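Note that the structure is a prediction, hence the values are computed from the model and not measured. Remember, it's 1-based here, ligands and their atoms both numbered in the order they're listed.
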Amino acid sequence: MNPSPPLTDSFGRPIDYLRISVTERCDLRCAYCHPPTPPRATPPDLLTPQDIVNLSAAALRLGLRRIRLTGGEPLLRGDLEEIIARLRDLPDLQDLALTTNGQRLAPKAAGLARAGLMRINISLDSLDPQAYALTTGGGDVAAVRRGIQAALSSGLAPVKLNVVLASSAALDRAGIPAFLDFVRSRPVHLRFIEAMPTCSHVEYLPARRVLEFLSRRHHLHTVPGPDGGGPARYHRIDGFRGTIGFITPISEPFCAHCNRLRISARGELRPCLFSPESFDLLPALRGPDPAHHLISSLERAAAAKPRCYGDVAQPSGVPAMHVIGG
Ligand code: SAM
């Protein structure tokens with residue numbers, strides 16, 4: 001039987017990509033991601049491995065082909081390898097990726113790859129130990145560096161690194177040259193990301209400022225992105241093993257090519273990061289015939305996708321990224 005064609009939204013965009021937040025818990029407190037006040041209690045992980053398999057199977061039946069597991073911090077889940085292995089058993093899945101802060105990655109990368117993870121995005125907001133600890137609320141950048149090395153050695157590819165431009169630390173004169181040195185000698189894809197206005201405090205720094213800084217010092221060749229597509233635009237510098245990319249949701253929104261739906265760790269399906277509406281999937285997951293109800297919710301969410309996030313964004317922002325899943 002031929003696989004189904006991708007689901008299409010009401011603006012004709014093919015929807016083939018599902019992001020699932022597997023936990024709200026996180027071991028870091030990045031200023032741009034978490035609200036300033038800490039949660040009173042540790043939220044439970046509501047989605048079971050079977051829920052995540054059911055959600056993914058429904059999405060694949062509708063023609064979605066790519067799944068990313070995110071959070072919160074996915075590596076806090078002890079059953080992550082089981083989830084990955086069960087997703088890889090699903091027919092028609094073409095791409096299975098993970099986003100992590102890398103704090104716990106070094107000892108786990110090989111097991112994740114063995115379980116069937118294909119590629120990985122790792123957050124790395126600064127290479128300077130003090131600046132990194134400040135931005136992340138106490139993170140250890142040396143652990144992330146070991147995690148990146150372990151991901152490369154385990155054959156996870158491509159390895160993409162996310163630098164959110166939410167603090168001047170990422171832009172200061174010492175920051176960018178250090179990132180350049182890092183990319184010079186490693187086959188990684190470093191992306192500078194403009195911070196989205198979530199409920200957390202974010203300082204908007206246009207990616208253009210980094211691009212101008214780099215262009216004054218190096219000749220940048222525009223290159224196609226590594227496998228997996230996505231909204232980043234990449235550049236290569238002669239002699240460098242890695243590439244440098246820019247993701248510009250604020251200065252140059254890429255909604256016209258949006259291909260994704262998101263499921264939060266609370267089991268809410270969101271048509272768009274900024275949608276005021278979401279669809280509660282827990283009743284369907286816990287009720288009889290989950291497949292039928294999940295498929296209908298996914299279709300309704302695709303139909304509810306706005307043309308552009310600017311059409312629906314509320315002045316108060318959206319729930320924090322660690323809840324929705326970045
Ligand atoms: N804990 C994992 C991590 O740190 O990568 C996964 C979850 S985190 C929410 C995933 C990604 O969300 C981060 O790499 C970061 O790029 C992105 N993110 C979070 N808040 C953001 C914001 N306000 N604007 C843009 N990107 C954001």
A.B. asks: Take a 6.0 Å sphere around CZ of R184 and say whether it holds more than 12 heavy atoms from other residues, nucleotides or ligands.
C.D. replies: yes
A.B. asks: For T70, take its heavy atoms, then give the atoms of ligand 1 lying under 4.0 Å from any of them.
C.D. replies: 6 (C), 7 (C)
A.B. asks: May I ask which of R68, M196, R191, K160 has a heavy atom nearer to atom 25 (C) of ligand 1 than the others do?
C.D. replies: M196
A.B. asks: Just which atoms of ligand 1 are under 4.0 Å from any heavy atom in V164?
C.D. replies: 15 (C), 16 (O), 26 (N)
A.B. asks: Identify, by atom number and element, the atoms of ligand 1 in contact range of A195, meaning under 4.0 Å from any of its heavy atoms.
C.D. replies: 24 (N), 25 (C)
A.B. asks: Please name the pair of heavy atoms, one in K305 and one in F11, separated by the smallest distance, quoted to 0.1 Å.
C.D. replies: O-CE1, 3.3 Å
A.B. asks: Please tell me whether H221 and D238 have a donor and an acceptor in their side chains that are separated by less than 3.5 angstrom.
C.D. replies: yes
A.B. asks: Number the atoms of ligand 1 from 1 as they appear, then name those within less than 4.0 Å of a heavy atom of N162, with their elements.
C.D. replies: 14 (O), 16 (O)
A.B. asks: Give the atom numbers and elements of ligand 1 that come within less than 4.0 Å of a heavy atom of I193.
C.D. replies: 16 (O)
A.B. asks: Check I122 against ligand 1 and report side chain, backbone, both or neither, counting heavy atoms closer than 4.0 Å.
C.D. replies: neither
A.B. asks: Quick one, H257 and P231 - any side-chain contact, counting heavy atoms below 4.5 Å?
C.D. replies: no
A.B. asks: Using a 4.0 Å heavy-atom threshold (strictly under), name the region of N101 that reaches ligand 1: side chain, backbone, both or neither.
C.D. replies: both
A.B. asks: Pair L156, L98 - check side-chain contact (heavy atoms from CB on, under 4.5 Å), show working.
C.D. replies: CA-CA 10 Å; L156 293 169; L98 176 78; over 6 Å; no
A.B. asks: In ligand 1, which numbered atoms sit nearer than 4.0 Å to a non-hydrogen atom of E194?
C.D. replies: 25 (C)
A.B. asks: Tell me whether T23 contacts the main-chain N or O of R25 through its side chain, where contact means a donor paired with an acceptor under 3.5 Å.
C.D. replies: yes
A.B. asks: Does only the side chain of T99 get under 4.0 Å from ligand 1, or the backbone, or both, or neither? Count heavy atoms.
C.D. replies: both
A.B. asks: Quick one: CD1 on I67 to OH on Y17, what's the gap to the nearest 0.5 Å?
C.D. replies: 10.5 Å
A.B. asks: For G71, take its heavy atoms, then give the atoms of ligand 1 lying under 4.0 Å from any of them.
C.D. replies: 7 (C), 9 (C)
A.B. asks: Closest by any non-hydrogen atom to atom 6 (C) of ligand 1: pick that one out of G72, C26, A31, S123.
C.D. replies: G72
A.B. asks: Does the distance from a Lys or Arg side-chain N to an Asp or Glu carboxylate O, for D92 and R61, drop under 4.0 Å?
C.D. replies: no
